[in-house]
Amino acid sequence: SSHCGMAVTPSTSLLSFLQRLQQTAFEAFGASDFDPKTYVDMPLKFELSVTEDAFQKLPRNANGTVAVEDLKRFLEAYLGGAGDDLVYLQPHDFVREPEGFLPTVKHPQVRAWALQVHSLWKNLSRKVSAAVQAHPDLHTLLPLPGSVVIPGSRFREVYYWDSYWVIRGLIASKMYDTATAIVTNLISLVEQYGFVLNGARAYYTNRSQPPLLSAMVYEIYRTTGDLELVQRSLPALLKEYEFWNSDIHKVTILDAQGCTHTLNRYNAMWDKPRPESSIMDKAFASKFSSVSEKQQFYRELASAAESGWDFSTRWMRNPPNFTTLATTSVIPVDLNAFLLGMELNIAFFAKVAGDNSTAERFLENSDLRKKAINSVFWNANMQQWLDYWLGNTCEEVHVWKNGHQNQNVFASNFVPLWMKPFYSDTSLVGSVVESLKTSGLVRAAGVATSLTDSGQQWDFPNGWAPLQHMLVEGLLKSGLQEARSLAEEIAIGWVTTNYIVYKKTGLMHEKFDVEHCGEFGGGGEYVPQTGFGWSNGVVLAFLEEFGWPEDRNIEC
Ligand SMILES: OC[C@H]1O[C@H](O[C@H]2O[C@H](CO)[C@@H](O)[C@H](O)[C@H]2O)[C@H](O)[C@@H](O)[C@@H]1O
């Protein structure tokens with residue numbers, strides 16, 4: 001039934017071919033330095049049938065492998081380079097030093113670095129090439145109407161939740177048009193697919209990512225007062241809301257007091273290897289013997305990617321055993337906090353647009369969700385919100401059970417603090433601040449993702465820009481003095497490690513090792529990436545908020 005989340009998005013013949021090519025390349029070139037994503041990002045030079053024909057004719061040895069030189073020649077003749085279909089673009093609203101840029105950053109070296117980080121928007125700005133619009137069937141890259149800002153390195157396309165922090169940085173850089181163009185693209189994806197894709201690629205059409213589109217619109221509107229943006233976003237946001245509240249994402253819980261609540265989970269519409277990582281996915285799935293077990297495991301992998309936390313012990317029934325991944329059995333704290341934010345934002349936009357009945361309906365929804373979050377996730381002993389483990393995921397109504405909250409500590413346990421109904425509750429914030437301080441998550445160089453060192457990238461000792469920012473901003477908005485001090489401590493540690501690593505490597509990094517100031521992060525299924533959209537965004541947003549006085553040293 002739909003409650004078991006059996007939906008599957010159709011694949012394309014282009015993707016099937018590129019996955020066969022990827023497998024052949026893996027066999028020919030070997031595992032070292034191999035990134036499977038490269039192959040599903042390559043554009044075709046000729047139509048698929050011509051390309052497949054030539055591929056079919058490649059000489060193969062007894063076990064079916066193609067010689068390195070033959071394969072190289074084929075790639076050269078028939079495929080473009082990964083990323084060739086995205087072209088550099090000089091953002092028209094970029095200036096070297098915008099008027100009023102980071103006014104309270106007085107320290108000369110920090111200011112010079114902030115200007116370098118600002119100038120990285122030029123490196124990361126792209127537009128989809130005309131070739132994609134002309135022959136979409138030759139590209140896994142999806143056509144978009146506006147310019148994009150990419151995370152960087154192997155992440156050559158626009159990503160959903162990354163875009164929120166890119167936009168926060170662009171606002172600090174006063175690049176409002178570039179920020180608005182990103183939102184326009186994401187709206188166009190909602191119009192076409194009914195939701196914002198994980199990223200703008202054909203292999204990301206089976207899932208979304210943490211729903212922050214309404215938060216992007218909110219931040220731009222707050223800064224620019226662009227009413228037209230609000231008006232044209234509203235229908236797309238209502239559509240996106242339907243997606244997150246469809247059967248596959250919706251879970252009904254009967255709590256200990258006999259009240260019924262509706263909350264949401266991640267659940268990708270996919271039961272095959274992720275095309276961008278199929279080498280790894282297939283290897284792990286070989287642990288399972290039956291087709292249905294493999295399919296379920298593939299669904300859990302793609303659902304973890306939908307959560308943005310790919311991968312983490314957070315989704316493992318039996319951590320750190322990777323094959324016990326059970327993302328669809330978790331009701332996640334952060335997803336539901338994001339949806340609460342979305343409900344409040346939609347209510348606000350509807351009010352601004354003069355649609356009072358929608359505004360009221362969404363205020364009611366947000367009220368119900370706040371109650372659900374308190375009832376299902378809140379743990380009074382730990383003074384934080386805990387993910388909830390479902391038993392049988394196919395049940396229509398789940399009876400809340402003691403002991404089903406995940407007692408492991410994750411940074412996501414504090415994400416509700418980012419939402420107004422929680423940060424404005426002063427007595428609540430006081431105790432949550434205490435529990436965050438003593439959680440073990442707050443380290444020298446920022447907040448750790450979890451306390452478990454599993455080798456996965458969304459675990460200890462990695463710290464991620466989005467997590468730092470949500471917690472810091474929530475703490476700040478509470479207005480509590482002790483919360484502000486903690487926020488400042490986290491932000492200073494985070495900015496410092498970004499700065500020191502930049503000085504050492506000349507690059508901005510995707511994730512950091514929060515245990516060791518001045519070290520970037522690691523682990524996971526791909527090599528650490530640089531560029532990097534959300535890290536740049538959060539550094540600029542923190543510098544805007546806290547400044548950097550001339551007499552504050554920047555060192556680990
Ligand atoms: O290729 C493997 C996975 O890569 C992406 O995930 C990671 O990078 C994203 C871009 O910065 C980020 O949004 C995500 O949180 C990271 O874990 C991609 O989003 C996955 O779908 C993909 O399978």
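Atoms within a ligand are numbered from 1 in the order they appear, just like the ligands themselves.
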Point to revise | Criterion side-chain contact (heavy atoms from CB on, under 4.5 Å) against Glu240, the qualifying member of Leu189, Leu213, Ile187 | key: Leu213

Study note, to complete from the structure: By chain and number, the residues contacting ligand 1 below 4.0 angstrom (heavy atoms only) are Arg154, Phe155, Tyr159, Trp161, Asp162, Asn198, Tyr204, Arg207, Gln209, Arg274, Glu276, Ser277, Ala305, Gly308, Asp310, Gln457, Trp458, Glu525, Tyr526, Phe532, Trp534

Review point. Which pairs pass ring-ring contact (aromatic ring centres under 6.0 Å, His included) with one or both residues in residues 166-212, sequence neighbours excluded?
Key: Tyr159-Tyr204, Phe195-Phe243

Point to revise | Passing option when Asn413 is tested against Gln384, Arg314, Gln407 for side chain to side chain donor-acceptor pair (under 3.5 Å) | key: Gln384

Exercise for review: Give a yes or no on whether a salt bridge exists between Arg274 and Glu525, defined as a side-chain N under 4.0 angstrom from a carboxylate O.
Suggested key: yes

Review point. Pairs in or reaching into residues 498-543: which pass disulfide (SG to SG under 2.5 Å), with residues at least two apart or in two chains?
Key: Cys517-Cys556

**Study point:** Any residue meeting side-chain contact (heavy atoms from CB on, under 4.5 Å) with Lys239, in chain and number order, not counting sequence neighbours
**Key:** Val190

